[in-house]
Amino acid sequence: MKFNKNLENIKTYEAGKPIELVVREFGIDPKDIVKLASNENPSGCSPKVVEAVGAILSKMALYPDDSMIKLKNALSVKMGVANENIIIGSGSDQVIEFLIHAKATHGSKILMNSITFAMYEIYAKHVGAEVIRTASQEHDMDEFYELYRQEKPEIIFICTPNNPTGDALDAQKIFEFLKKIDSDTLVVIDGAYMEYAIAKDAKKEIVVKELIEQFDNVIYLGTFSKAYGLGGMRVGYGVANAKIIKELYKLRPPFNITTLSLEAASVALEDEDFVKKSVTLNLQQMKRYEEFAKEQKIDIINSYTNFVTLCLNPNQNSSKISNLLLQKGMIVRDLSSYNMNAIRVTVGTEEQNSRFFGLVIQFL
Ligand SMILES: *Cc1c(COP(=O)(O)O)cnc(C)c1O
């Protein structure tokens, strides 16, 4: 059978290995498995969310409120934007899918960092768009601008902090860059880890209201999957000029967010204390990784997220080491598919991190 030609050279996205799979493959007791591979919040989510979702379980038979008014109102208050500036997706992943389909077609060019979130390329390929990448490992806005001038891309992706490297740009750098970009180019600012970045360095904060007031060609992406601890609920959002949002809405399937997920995200926004505690714990535990890397003479990229990227030495093989860890029930992310001899480790609880140090040290 013949399929859409655009799909031929797409490699299926490999999410962090699910715990269930490790149980089956290696026969390890689930309680002995630690997953530090998908940047989930090790503290779980706010207890208020658990309570609120529990209270509406009986509503499962009904379709969700497709206007998503409760969540939109909560987001608009938090960011100081209007509801018409917001679109909610099944994870911000889905918003990425919408925006690429809305703006790019066969032969369109999409500019992104050399190493960045893998889903940008996969969605680009859906529509047969051409991916243009910078050469430098960290976002270099001069290089981005040079390539923008040469290639005239339809879309530019800026991921700050960047996944899977953890580095982040100063907001001022981004605003300066945006001033030089013409209004026909859609610029995406993916802030999936922004809550963590702001806690470490206020200069990294993109004020969404200012961003969309100044630029009508920019969309900001946020998610509830990371600092808010709701990866399993699949809720993310895009914020942009109403004209952009209106186009994205044409691609949105009805009821794309479940009733329980809408409730979870709305209530999560009411408990900023939980997020504060999470980012504080993250910063404390991150220090242990920095110390560990120093002791082991391994390069670590200064991270503004809830994960660390350990750049291994040439005599250490990232695929081999992550496999050995896996056999011990420790799931981390091998970055060899990004052409890096590195592993990405989600900063877990104190206990999970100790377990990681104790195991990995045997394989270095
Ligand atoms: C996790 C992540 C997302 C989105 O995750 P969802 O769970 O789909 O909201 C988007 N961008 C980056 C860079 C991420 O790491």
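Counting convention: from 1, in listed order, for ligands and their atoms alike.
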### Query
Considering only heavy atoms, does Ser92 approach ligand 1 within less than 4.0 Å through its side chain, its backbone, both, or neither?
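Both backbone and side chain.
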
### Asp93, portion touching ligand 1 at heavy-atom distance under 4.0 Å
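Both parts.
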
Classify the ring geometry between [X] and [Y] as parallel (under 30°), tilted (30 to 60°) or perpendicular (over 60°).
{"X": "Phe224", "Y": "Tyr228", "result": "tilted"}
{"X": "Tyr63", "Y": "Phe255", "result": "parallel"}
{"X": "His139", "Y": "Phe144", "result": "parallel"}

### Query
Thinking salt bridges, do Glu84 and Lys246 make one under a 4.0 Å N-O criterion?
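Not counted as a salt bridge, because no side-chain N and carboxylate O are separated by less than 4.0 Å.
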
### Message
Checking the N or O distance criterion of under 3.5 Å, is ligand 1 in contact with Thr223?
### Response
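Thr223 vs ligand 1: N/O contact under 3.5 Å present.
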
### Lys200 atom NZ: more than 12 heavy-atom contacts under 6.0 Å
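Counting other residues, nucleotides and ligands, NZ of Lys200 exceeds 12 neighbours.
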
### Task
Taking the side chain as every heavy atom from C-beta outward, state whether Asp167 and Thr305 have any atom pair closer than 4.5 Å.
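They are not in side-chain contact.
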
Can you tell me if [X] contacts ligand 1 (heavy atom of the residue under 4.0 Å from the ligand)?
{"X": "Met119", "result": "no"}
{"X": "Gly231", "result": "no"}
{"X": "Phe224", "result": "no"}

### Task
Look at atom 8 (O) of ligand 1 and find which of Arg234, Lys226, Met233 reaches it with the closest heavy atom.
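Checking each option, the heavy atom nearest atom 8 (O) of ligand 1 is found in Arg234.
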
### Query
Between Phe117 and Phe157, does the ring centroid distance fall short of 6.0 Å?
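Between Phe117 and Phe157, the centre distance exceeds or equals 6.0 Å.
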
If the cut-off is 4.0 Å to any non-hydrogen atom of [X], which atoms of ligand 1 fall inside it?
{"X": "Gly91", "value": "6 (P), 8 (O), 9 (O)"}
{"X": "Asn163", "value": "13 (C), 14 (C), 15 (O)"}
{"X": "Ser225", "value": "6 (P), 7 (O), 9 (O)"}
{"X": "Cys159", "value": "13 (C)"}

### Query
What's the shortest distance from atom 11 (N) of ligand 1 to any protein heavy atom, and which residue and atom give it?
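Sorting protein heavy atoms by distance from atom 11 (N) of ligand 1 puts Asp190 OD2, 2.6 Å first.
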
### Query
Is Lys226 close enough and on-axis enough to Tyr196, meaning under 6.0 Å and within 45°, for cation-pi?
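Judged by the rule (NZ or CZ under 6.0 Å from the ring centre, within 45° of its axis), Lys226 is not positioned above Tyr196.
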
